[in-house]
Amino acid sequence: MRLKTSSLLAALALAAISGLAAAQTVKIGIITTYSGPGSAQGDQLDKGFKLYLKLNAGKLPPGVKVEPVFRDDTGANADAAKRLAQELIAREKVQFLTGVVWTPNAAAIAPLTAEAKVPFVSANAAGVSIPRISPYFARVSFTLWQSAYPLGQWAAKKFKRAYTVVSDFSPGHEAEEAFTKGFKEAGGEIVGSARVPMTATDFVPYMQRVKDAKPEVIFAFNPAGKQATAQMKAYADLDLNKAGIKYIGTGDITTDEELQNMGDAALGVMTVHHYSAAADRSANKAFVAAYKKEYGEKLNPGFMVVGAWDAMEMIFHAIREQNGKIDPDRTMQLIKNYKNPNSPRGPIQIDPETRDIMQNEYLREVRKVGGQLANVELETLGTLLKDPWKEFNKPK
Ligand code: PHB
């Protein structure tokens, strides 16, 4: 009898211990933009994370849960982002950081992730050199070199004289440099270039300068959101299309969530990008349907939604592989070897050498599909393309 009781107690104790061991909560710090002029972009990240978390809780091992901790960086604000990351690491003790629309913010956070050994997955911030700041940084979004460089090469086959108009911060400078290199190498000439302050809402003065210079084509990069629509409106209002000046750029300028607001001026605009809501891959169709079901039939997910979705998919993979017991170095190993053949954007993987995304880049044209403006993919310009900048600038 006595023996029975003690073995029962022992069994109960064992069950309690293993139960405790199995109950793991993984905290994920998510920094995005909920206020200020960049909140439209921040909302895209938020929607992507929340949709993923809602639909995929069942993909975690038994007893493992995630606890997302959301924070508002208020826009491109390096100091605010750094403070939030510090708080998430030191006080909240998050085991992952993700989110971050803006490159200056991600660049300010990156050194902290190296010190604290907290893996940081960029769901958007695209600044080309951020991965070199911290070995705990990886990116599932894109670099501007991935889209603008092949676009420059393609454009030089159609046009000889281009004018570049980019947002005046590092991703804009990188887009300008990448397009210029691709375009010039293939025989094109840059006849002028303008840099627009990040806070600008009126693009007319810049587009007027372009009109006066009479190029054949404008290459543009803006940080998506409302600025994409404002620049398209300036293109329309100044009748640049009628003046024979074609509008091309990275996919940010015709971002899917804003496209219906841009009007018919967007028809015929050509871009290069890794994601289009109109793509007919089955993984994308399921993704767009889930998005519409959650947020409304009229809304389309933009590329930032996919960035957030894929970031969380990669984090879930790392959590699953470790059964919820997160070791930062093991996590980075898993991330470096990460592959997903079935992202809504097509196949993706992380380049283990650079921790940057490899993905397809598609040439697209804005057309009407079923009465709606759509970024129709015409051609794949690069398959599982690495970041070209890192190929040209190998570490010494
Ligand atoms: C960035 O800050 O890295 C960024 C923001 C918006 C974009 C692209 C890049 O559309």
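In listed order, ligands and their atoms are each counted from 1. Count residues from 1 along the sequence.
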May I ask you to check if ligand 1 and Thr103 share an N or O to N or O distance below 3.5 Å?
-> yes
Can you list the ligand 1 atoms lying under 4.0 Å from a non-hydrogen atom of Val101?
-> 1 (C), 2 (O), 3 (O), 4 (C), 5 (C)
Can you list the ligand 1 atoms lying under 4.0 Å from a non-hydrogen atom of Ala224?
-> 10 (O)
Met232 and Thr254: CA distance, side-chain angles, deciding distance, side chain to side chain contact (heavy atoms under 4.5 Å, CB included) verdict = CA-CA 8 Å; Met232 189 68 77; Thr254 57; 3.9 Å; yes
For ligand 1, which atoms, with element, lie under 4.0 Å from some heavy atom of Ala125?
-> 3 (O)
Kindly check if the number of other-residue, nucleotide or ligand heavy atoms within 6.0 Å of CG (Asp212) is above 12?
-> yes
Atom NZ of Lys27: over 12 foreign heavy atoms under 6.0 Å | yes
Give the numbers and elements of all ligand 1 atoms closer than 4.0 Å to a heavy atom of Phe303.
-> 10 (O)
If you measure from each non-hydrogen atom of Gln41 to ligand 1, which part falls under 4.0 Å: side chain, backbone, both or neither?
-> neither
Which pair of heavy atoms, one from Val191 and one from Tyr163, lies closest together, and at what distance?
-> CG2-CD1, 4.3 Å
Return the set of residues passing side-chain hydrogen bond (donor to acceptor under 3.5 Å, both in side chains) with Asp329 (not counting sequence neighbours), or none when no residue passes.
-> Tyr136
Would you call the rings of Phe179 and Phe219 parallel, tilted or perpendicular, where under 30° means parallel and over 60° means perpendicular?
-> parallel
Pick whichever of Asn124, Asn105, Ile130, Thr255 has a heavy atom sitting closest to atom 5 (C) of ligand 1.
-> Asn124
Looking only at distances, please establish whether an N/O atom of ligand 1 is found under 3.5 Å from an N/O atom of Ala126.
-> yes
Atoms of ligand 1 less than 4.0 Å from Phe142 heavy atoms?
-> 8 (C)
Other ILVMFWY residues reachable from Met358 by side-chain steps of under 4.5 Å | Leu384
Assign the ring pair Trp154 / Phe159 to parallel, tilted or perpendicular, where the plane angle (0 to 90°) is split at 30° and 60°.
-> perpendicular
Atom 6 (C) of ligand 1 sits nearest the protein heavy atom Pro223 CB, 3.5 Å
Looking at Phe70, does the NZ or CZ of Lys50 lie under 6.0 angstrom from its six-membered ring centre and within 45 degrees of the ring axis?
-> yes
Which atoms from ligand 1 have a heavy atom of Asp252 less than 4.0 Å away?
-> 7 (C), 8 (C), 10 (O)
Numbering the atoms of ligand 1 from 1, which are under 4.0 Å from a heavy atom of Trp102?
-> 2 (O), 5 (C)
Within a distance under 4.0 Å of any heavy atom of Pro171, pick out the atoms of ligand 1 and give their elements.
-> 1 (C), 2 (O), 3 (O)
